[in-house]
Amino acid sequence: MKRILQFARRFLLPHYTWLLASLLTGLITAAVSGLGVPLMVKYVFPVVFYSGSGEEPLLLQHVPALKELSATTILILACASMPLVFAIRGVAMWGNHVVVNILGLRILEGLRKTVFHHVQELPIAYLERRSKGDMVSRIVADTGNVQNVLSHVANDLVKQPITCICAFSAFFYLLFSSGSVEMVLALLFIALAAWPIISFGKKISARSKQAQAELGELNTVVQQNLETQREVRAYALEEREIEDFKSSSASYKRNIIKLVKYQRLIVPIMETCTGLALAVVLVMGHYSGMGLEDFMALALALFFTFDSMKRAGLAFNRMNEAQGALVRLEEVLNEQNPIADPASPVALPARVRGDIDFKNVTFEYEPGKPVLKEVNVHIPAGQIVGLVGPSGAGKTTFASLIPRFYEASAGSVCVDGIDVRDVMRHDLREHLAIVGQQALLFTGTIKENIALGRQGATDEQIATAASAAKVSAFLENQPRGIDTQLGQGGSGLSGGQRQRVAIARAFVKDAPILILDEATASLDAESEKEIQQELDSLAQGRTTLIVAHRFSTLRNAHRILVFDHGRIVGDGPHEELYACCPLYKELFDRQGAV
Ligand code: ADP
């Protein structure tokens, strides 16, 4: 409950005008339903059926002026009140529905924006640990679930109790005015009806959390399957994938069925209680000689009392259902990025020189398991440095500390002598370009993908970059040249072509520091050879770190750092290392030639 109130304060209150509109329309609906309908039955119906003899209807007794009117006018007025009451109720219900939906969509927008924004701030390590499908589920489905509850429940938890109070008041008023006070016994069933609302709450919230997690699991299965279609087909894993999907889908279904059963169990219980209460009123009404209009009015007031209680109960259940999604969203929103921007950042010059220093740097992904151990190295501006070593030695981790994707556990990483922790992350990354193993392209045109390298890049800069990266060479075969639309991840281009677009992006960025992390590892020998030239020209004049899996990519390196178990065990040019560093010699000989 506390949790939902916190979320309500944060995401519901900012839309207070819509909230007020929804409450107002809800109130009108509630008042017209709870009071209007029963009172109409008691006062208006008897006027219509009054034949002129016998006891005068109450409305005529209370409003003598009506007697001045002709019987036909009274009939018309009385009849007109019926559609009027229902029209007011209908319009208010419609308005309420529309307003609640607008309110809901605004909440959803705010909620998703906040969560998505927060995800952009989360540590890369956190996101790497999480399954993507589950994260998608949190950002899209859990937010939807919470929104649904915030908007509808905010409405129902006000509207229904007020309907209930109005109907309840009408019931009491009618009881006292008819003198059948003993019928209050019928209300005993209210206590009985309240029981399922309270007792199922906990079960519902537990089931709901499980169901949301299972939905995340299902998303993961689908996402993973779509991302690995080539492997799935090549290794004939379709059956296994279908089984995985079936099992995730079945456990989600089982949970939802249980959830729905608990959630709606309130309906038969409340309906039975309503029936019992009506039966009590009927029996007592019979023995007390009550008239039909009194009975009908009482029955309606009672019906609306129970009906609004039922709806309030369902809203309460919905609130419990949202607990699961709330917990999952809180898990994301409460996660803080330890790599925060400094309170008083140091401003970097418009263009850094590109000196890099690692001073006693130790880094561990998991406590107690250092991946880099007391690394000390100075890389002067403009130097092209190769990073080699066995797989898992710490090369990529080393390079990742410069853009501050991770934070050094001890020691410091400096650019131009300034500790990267003292600089705004965004500022720091302005001075870096990275070309990774897989060229990650976005949906959009080739031109847009290149332009991502620099905000406000001109057409000329894009064209120069495209030509330097030899993107221009394959544009002729593209249907719309540089404006050819790419699918997700750059589908429509070959691996080499994608890598060229990524290189062009780095050219456009024109950053003084360049990190090439196995940039040609996924390419065939032919494409690698071709792209190597573009990479060489990109590296010219920049401090360049080349995480290399093939020594052929290091032919222009001024210097090579040899990593082993998180330490630098060799540092120097090729000839020197080949002569003095056994690990380097071994790695090099295994590959053959430069
Ligand atoms: P290299 O680039 O030399 O192959 P890495 O820097 O990628 O090595 O990895 C160094 C070590 O850190 C490896 O043992 C690897 O398993 C571990 N490692 C890499 N990334 C992560 C991560 N995100 N979380 C935990 N451990 C990691």
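Numbering starts at 1 and runs along the sequence shown. In each ligand, atom 1 is the first atom listed, and ligand 1 is the first ligand listed.
- Taking a cut-off of under 4.0 Å to the non-hydrogen atoms of G394, the atoms of ligand 1 that pass are 1 (P), 3 (O), 6 (O), 8 (O), 10 (C).
- Atom 7 (O) of ligand 1 has as its closest protein heavy atom T396 CB, 3.7 Å.
- Taking the six-membered ring where tryptophan is involved, the planes of F588 and Y584 are essentially parallel, since the angle between them stays under 30° and well short of 60°.
- In this structure, D419 pairs ionically with R421, as a charged nitrogen and a carboxylate oxygen lie closer than 4.0 Å.
- At under 3.5 Å, not a single nitrogen or oxygen of V547, backbone or side chain, sits near a nitrogen or oxygen of ligand 1.
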**OP:** Show the numbers, then the answer: is there a salt bridge (Lys or Arg N to Asp or Glu O under 4.0 Å) between E407 and R404?
**Re:** CA-CA 6 Å; E407 188 93 290; R404 218 170 155 220; 2.8 Å; yes

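- Looking at atom 19 (C) of ligand 1, its nearest protein heavy atom turns out to be Y365 CE1, 3.4 Å.
- Ring pair Y365/Y406: centre-to-centre distance below 6.0 Å.
- Side-chain atoms of E374 and N360 form no donor-acceptor pair, as typed in the model, at a separation below 3.5 Å.
- Atoms of ligand 1 lying under 4.0 Å from at least one heavy atom of T397, given by number and element, are 5 (P), 6 (O), 9 (O), 10 (C).
- Heavy atoms of K395 found under 4.0 angstrom from ligand 1 belong to the backbone as well as the side chain.
- The presence of a protein heavy atom under 4.0 Å from atom 16 (O) of ligand 1 is ruled out.
- Atoms of ligand 1 lying under 4.0 Å from at least one heavy atom of A393, given by number and element, are 1 (P), 3 (O), 8 (O).
- Nearest protein neighbour of atom 1 (P) of ligand 1, counting heavy atoms only, is G392 N, 3.5 Å.
- The closest side-chain donor-acceptor pair between R559 and Q383 falls under 3.5 angstrom.
- Under a 4.0 Å N-O distance rule, the pair E121/R425 qualifies as a salt bridge.
- Residue-ligand proximity, E128 to ligand 1, at heavy-atom distances under 4.0 Å covers atoms 23 (N).
- Residue contacts with ligand 1: V371 is placed with no nitrogen or oxygen under 3.5 Å of a nitrogen or oxygen of the ligand (distance criterion only).
- When all heavy atoms of S400 and P403 are compared, the pair lying nearest together is O-CD, 3.4 Å.
- Of all the atoms in ligand 1, the ones that sit under 4.0 Å from a non-hydrogen atom of S391 are 4 (O).
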**OP:** Report the C-alpha separation of K359 and D357 in whole Å, then their side-chain angles, then the decisive distance to 0.1 Å, and conclude whether the salt bridge (Lys or Arg N to Asp or Glu O under 4.0 Å) test is met.
**Re:** CA-CA 6 Å; K359 297 178 186 165; D357 284 283; 5.6 Å; no

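- Below 3.5 Å of separation, one finds no N or O of E366 facing any N or O of ligand 1.
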